[in-house]
Amino acid sequence: MDNSFPLSGFGSAALHAGHQQDPMYAHVTPIYASSTFVYDEAEQGMRRFSGEEEGYIYSRWGNPNFTEAEKKIAALEAFGLKDKNGNPLQLKALLHASGMAALSTLMMGNLKQGDKILSHYSLYSGLEELITKILPPFGVQSIITDLRDLNKAEQAIKENPEIKLMHLETPANPTLQCVDIEALTKLAKTKNILVSVDNTFATPYLQQPFRFGVDFVFHSTTKFLNGHGTAIGGVLIGNDIEKMKAGITKTHRILGGNSNPFDAFLLTQGLKTLELRMQRHCSNAITVADFLANHAAIEKVNYNGLTTHPDHAVAKKQMKHPGAMMSFELKKGKQGGIDFMNKLKMCICTVSLGTAETILSHPASMTHYHIPKEEKEKYGITDGLIRLSVGLENVEDILGDFNQALS
Ligand SMILES: Cc1ncc(COP(=O)(O)O)c(C=O)c1O
C-alpha cells in the first residue's frame with residue numbers, strides 16, 4: 001500500500017497498516033524463520049549494532065514478522081487519536097512470547113527496589129501472582145484496592161508516595177468490573193504516576209485507553225487479537241517513543257521474552273479481521289446476555305451491557321460496545337454449573353477467551369484456583385461462577401446449545 005493514502009476506517013487499518021512490500025513480491029509477508037540476519041559488509045553490521053542504520057540483527061531483537069504485527073497493533077491503538085499538538089498519535093509496540101512476558105517487561109522496565117504498584121482487586125490471576133509473589137522479594141510491593149472507588153485510590157496514593165505505577169484491567173477478569181480510566185489517570189498524573197491498562201477484553205476496536213492519557217497499553221494477544229486460539233503472545237505499547245526505543249526495548253531484549261516468527265505471522269492474519277470479528281462477537285454477546293438474564297435457571301449475569309451491572313455507566317463511557325465477555329451463575333450453584341458445562345454439545349469447555357468458537361471456563365477451579373476461597377468470594381469469584389467468551393457461531397446455535405444444557 002502507498003503509505004501516503006489516508007485510511008479512513010479501522011477495518012482498513014487492521015488490514016493494511018504495518019505491511020511492507022516483501023522483497024520477493026509475496027502478497028502476504030512470509031514467515032522469516034531465521035535466527036539471524038546478514039550484512040552486505042562488516043561495517044554494515046557495526047552500523048546496525050550502533051543504531052546508526054535500521055535493520056535486523058538477531059530475532060530476539062527483532063524480526064520482520066514481529067514488526068508487521070507491532071506496527072498494526074500500534075496503528076489500531078492510535079487510530080483516530082491525536083497527540084497534545086494535534087498531530088496523529090505515535091505509539092511503539094513490542095511483541096512478546098506471551099502476555100505474561102509483556103507484563104514482566106512492563107514491571108521490570110519501569111520499577112525499581114522500593115517502588116509500589118497500585119492496582120484493582122479483580123485482576124488476571126497470573127498478574128496478581130506476579131505482583132504479589134514474584135516482585136516483592138525484589139523490593140517491589142503492591143497495593144490492591146477497589147479502584148472503582150476514587151476515594152480509595154486517592155487515599156492509597158496519599159499514604160504511599162512510593163507508588164510509581166497504576167495498573168488497570170478494565171473490563172476485569174472474570175467479574176467484568178470496570179474502572180474509570182479517565183478519572184484514575186487524571187488522579188495518577190497529579191503525582192507523576194505511570195498508568196498502564198490491560199486492554200485484552202476490550203481490544204482497540206472497543207476501547208482506546210491512550211485517549212485518556214495513559215502511558216502504556218497491554219494485551220494478551222493470545223485472545224481477541226489473534227482471534228483463533230492458535231498462538232500465545234503479548235504486546236506492550238507505549239506513547240513515549242524514546243523510552244520505548246531505549247529502556248523498555250533493552251528490558252524486553254535482555255529478559256528474552258521475544259515472540260517467534262510463526263506466532264507473529266498467525267497474529268497478523270488474525271488482526272486483519274479484528275473489526276469484523278468484534279462486530280459479530282459483540283452482537284452475539286448482547287443476545288446471549290439477554291437470554292441468560294431472562295432464563296429461570298440463572299441466578300446472576302455479569303455483563304457490562306446490562307443496566308443491572310454495577311459498572312454499566314463506566315463501561316458505556318469508555319467503551320464503544322460492552323464486548324463479548326461475561327460471567328454468570330446458575331441457581332443450582334457449583335454443581336448446576338458443572339452439569340451445564342458437561343451437557344453442552346457445541347460450545348467448548350476450556351480456559352482462555354477471544355477465540356472464534358464460544359468457550360466457557362470455571363474460574364474458581366481453573367484460572368483462580370490458587371486464591372483462597374474467602375478472597376475469591378470477596379472479589380465476586382464464587383464457586384458457581386462460569387466465564388463465557390461468546391464466539392462467532394450463528395447466535396441461534398449458541399442459544400440452542402445453552403437451552404438444551406440448562407434444561
Ligand atoms: C486479561 C488477561 N491479561 C493477561 C493475561 C496473560 O496472558 P498470556 O496467557 O498470553 O500470558 C491473560 C490470560 O488469560 C488475561 O486474560
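In listed order, ligands and their atoms are each counted from 1.
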Establish, yes or no, whether a centroid distance under 6.0 Å links the rings of Phe37 and Trp61.
-> no
Going from CZ on Phe216 to CE on Met244, what distance comes out if it is rounded to the nearest 0.5 angstrom?
-> 6.0 Å
Heavy-atom check, side chain of Pro171 versus side chain of Phe201, under 4.5 Å = yes
Is Glu53 paired with Arg48 through a side-chain N to carboxylate O contact shorter than 4.0 Å?
-> yes
Mark the output for Ala102 as yes if a heavy-atom distance to ligand 1 is under 4.0 Å, and as no if none is.
-> no
Give the atoms of ligand 1, by number and element, whose distance to some non-hydrogen atom of Gly99 is under 4.0 Å.
-> 7 (O), 8 (P), 10 (O), 11 (O)
Please identify which atoms of ligand 1 are closer than 4.0 Å to at least one heavy atom of Asn173.
-> 16 (O)
Under 4.0 Å from any heavy atom of Phe218, which atoms of ligand 1 are there?
-> 3 (N), 4 (C)
For Gly233, the ligand 1 atoms whose distance to one of its heavy atoms is below 4.0 Å | 10 (O)
Check each atom of ligand 1 against the heavy atoms of Thr222 and keep those under 4.0 Å away; list them by number with element.
-> 10 (O)
Is there any N or O on Ile232 that sits under 3.5 Å from an N or O of ligand 1?
-> no
Counting heavy atoms only, which of Met100, Glu169, His219, Lys223 is nearest atom 9 (O) of ligand 1?
-> Lys223
Apply the side-chain hydrogen bond (donor to acceptor under 3.5 Å, both in side chains) test between Thr29 and each candidate in Gln20, Gln269, Gln21, Glu68; give the one that qualifies.
-> Glu68
Rounded to the nearest 0.5 Å, the CG atom of Leu127 sits from the OG atom of Ser119 at a distance of 6.0 Å
Does Asp198 approach ligand 1 within less than 4.0 angstrom via side chain, backbone, both or neither, non-hydrogen atoms only?
-> side chain
Measure from the ring center of Phe265 to the ring center of Tyr32 and say whether it is less than 6.0 Å.
-> no
